[in-house]
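Every chain is numbered from 1, with letters handed out A, B, ... down the list of sequences.
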Amino acid sequence: MLRVYNTLTRKTEDFQTLEPGKVRMYVCGVTVYNDAHVGHAMSALVFDVIRRYLEYRGYNVKHVMNFTDVDDKIINRANQLGEDPLRLAQRYIDDYRQNLTDLNVLPATSNPRATQTMTEILSMIRGLIEKGYAYPAPNGDVYFRVTKDADYGKLSGRRIEDMQAGARIEVEELKEHPMDFALWKAAKPGEPAWDSPWGKGRPGWHIECSAMNLAEFGEQIDIHGGGNDLVFPHHENEIAQSECFTGKPFSRYWMHNGMLQLGGEKMSKSLGNIVSIKEFLSRREADVMRMLVLNGSYRAPLMFNEETLDSAEKGLERLKSGLRPAAPSASGLSTEAASALATLSEATQQAFTDSMDNDFNSSGALAALFELVRAINTARDAGAKDEQLAPARSTLRTLAGVLGLRLAEKKSSGDADRFVDLLVEVRTEARKQKNWAMSDLIRDRLKELGVVIEDGKDGTIWHW
RNA sequence: GGCGACGUGGCCAAGCGGCAAGGCAAGGGUCUGCAAAACCCUCAUCAUGGGUUCAAAUCCCAUCGUCGCCUCCA
């Protein structure tokens with residue numbers, strides 16, 4: 001039984017979907033006004049793993065991730081650069097898509113955008129006004145009336161009264177209550193604007209997600225995800241809008257990933273302590289970022305620094321070591337040893353599923369994989385042939401694949417392999433003649449070219 | 001100030017009432033011409049102080065500390 005931690009109830013609950021076998025999952029994407037950073041990557045990776053595992057468990061997953069392509073930040077940045085805001089947004093959408101591809105994140109089933117959901121946004125705002133949950137202000141803004149929503153604050157566990165104590169809320173006479181938030185913002189001159197019953201303007205941040213959900217899924221969904229910095233106000237406001245509009249519970253499960261920590265602080269655009277995804281990928285393999293995420297718990301803060309990255313990279317190498325070929329002259333494994341490997345391979349699948357079923361405990365799942373790797377390597381050391389290792393390796397590949405790990409060896413450049421084979425052969429000959437100087441020279445020079453040579457009991461193997 | 005999460009070996013990190021997973025690092029060993037890799041072995045009583053229980057890292061209370069949110073934010 002799959003169990004999922006639900007932010008709404010602060011409990012781990014059995015996972016049951018609205019429709020048997022189908023999962024409706026909505027994850028908040030990014031506001032596109034700048035290069036995405038590794039914190040965004042963490043979130044994308046977390047929900048990619050969740051999605052892959054749900055599919056592995058047999059669910060048909062509809063995964064929707066939005067792009068916020070119109071808001072103050074985009075407009076400001078566009079003005080700075082002298083670029084059209086919508087073009088700027090498009091540019092960063094393309095970039096982000098590329099980032100996700102590079103990170104081996106499966107493309108979402110659909111990527112709606114605020115600017116393309118205008119009809120639904122407007123009809124939702126209209127509906128909320130009709131039901132008394134929203135009101136237009138004299139200047140053309142439309143606000144949500146939080147005091148009208150008895151449940152307001154249930155996701156983040158806040159009460160309206162408590163929040164005012166913080167006193168960081170500026171009082172606007174346009175609002176009936178300081179906590180009221182904008183559904184529609186009247187346009188200032190030169191800003192991108194859409195026609196509405198309240199004059200030209202653009203949607204507030206929160207309404208787009210409610211509207212997209214309605215457009216993509218209907219009134220109710222199974223999973224709503226995002227970073228835990230979105231719990232308040234964004235998701236709180238989404239719930240308020242959606243539930244007041246439809247009169248039904250919005251999302252069954254609310255899932256939030258923890259924040260990536262850089263030097264003890266959250267990495268964010270406003271703090272300026274950013275490592276972009278592009279920058280990261282220029283220095284490390286995509287699987288390294290994924291290993292880092294997988295090693296921890298998706299809900300907890302994630303330490304991002306050279307030390308944790310090195311560790312993740314080594315762990316990744318170790319996982320790959322299980323995939324290395326046996327020596328061609330391997331003598332073969334005894335039947336007992338072979339069946340022991342098969343048994344452990346099955347146990348690994350079970351342990352993997354048990355862990356992942358427990359609120360996507362990827363760290364435990366990884367532990368199962370490491371144990372399988374050790375068994376494979378032991379078998380190889382004991383003289384197993386490639387055919388004998390194949391089933392266990394296939395399990396390893398499959399399960400690693402469920403986590404989204406590619407475990408790719410650095411790719412050879414086509415024909416080069418044949419020449420490396422030749423050099424290794426020559427070296428073997430040199431070793432037979434105890435010409436250590438020559439054999440070491442070949443080994444060292446190949447290493448400089450990125451080829452690693454390993455002399456084993458049953459002969460020499462190599463890999464990139 | 002309010003709300004919430006969390007504090008497990010040198011580092012990252014599982015565990016959620018019954019002898020403390022896993023990875024990295026470190027030390028010792030096997031293998032090797034040497035090396036690399038692999039394999040074997042060693043390495044924690046769980047922030048602190050109380051309490052509940054036959055039994056607690058796991059439940060309760062307090063203290064200290066860290067982080068997130070309360071403003072745009074994955």
Charged N to carboxylate O below 4.0 Å: is that the case for A:K447 and A:D444? no
Taking protein heavy atoms under 4.0 Å as touching, what does nucleotides 12-19 of chain B look like 5' to 3' if B marks base contact, S marks sugar-phosphate-only contact and - marks none? BSSS----
Give A:R77 one of three labels, base, sugar-phosphate or nothing, depending on what nucleic acid heavy atoms sit under 4.0 Å from its own. nothing
Partner set under side-chain contact (heavy atoms from CB on, under 4.5 Å) for A:A384, not counting sequence neighbours: A:L333, A:A379, A:Q388, A:L389
Using heavy atoms and a sub-4.0 Å distance, could you list which residues of residues 381-395 of chain A are near RNA chain B? By number, please. A:D381
Can A:D102 and A:Q98 be counted as having a side-chain donor-acceptor contact under 3.5 angstrom? yes
Any carboxylate oxygen within less than 4.0 angstrom of a Lys/Arg side-chain nitrogen, looking at A:D149 and A:K154? no
Looking at A:R158 and A:E236, is any side-chain nitrogen of the basic one under 4.0 Å from a carboxylate oxygen of the acidic one? no
Side-chain heavy-atom pair A:E176, A:Y143 within 4.5 angstrom cut-off: no
Once you apply a heavy-atom cut-off of 4.0 Å, does A:D72 come out as touching a base, just sugar-phosphate, or nothing? nothing
Distance below 4.0 Å between A:R374 side-chain N/O and B:G23 OP1 or OP2: yes
Whether A:D72 and A:R202 form a salt bridge (side-chain N of Lys/Arg under 4.0 Å from carboxylate O of Asp/Glu) is what I want to check. yes
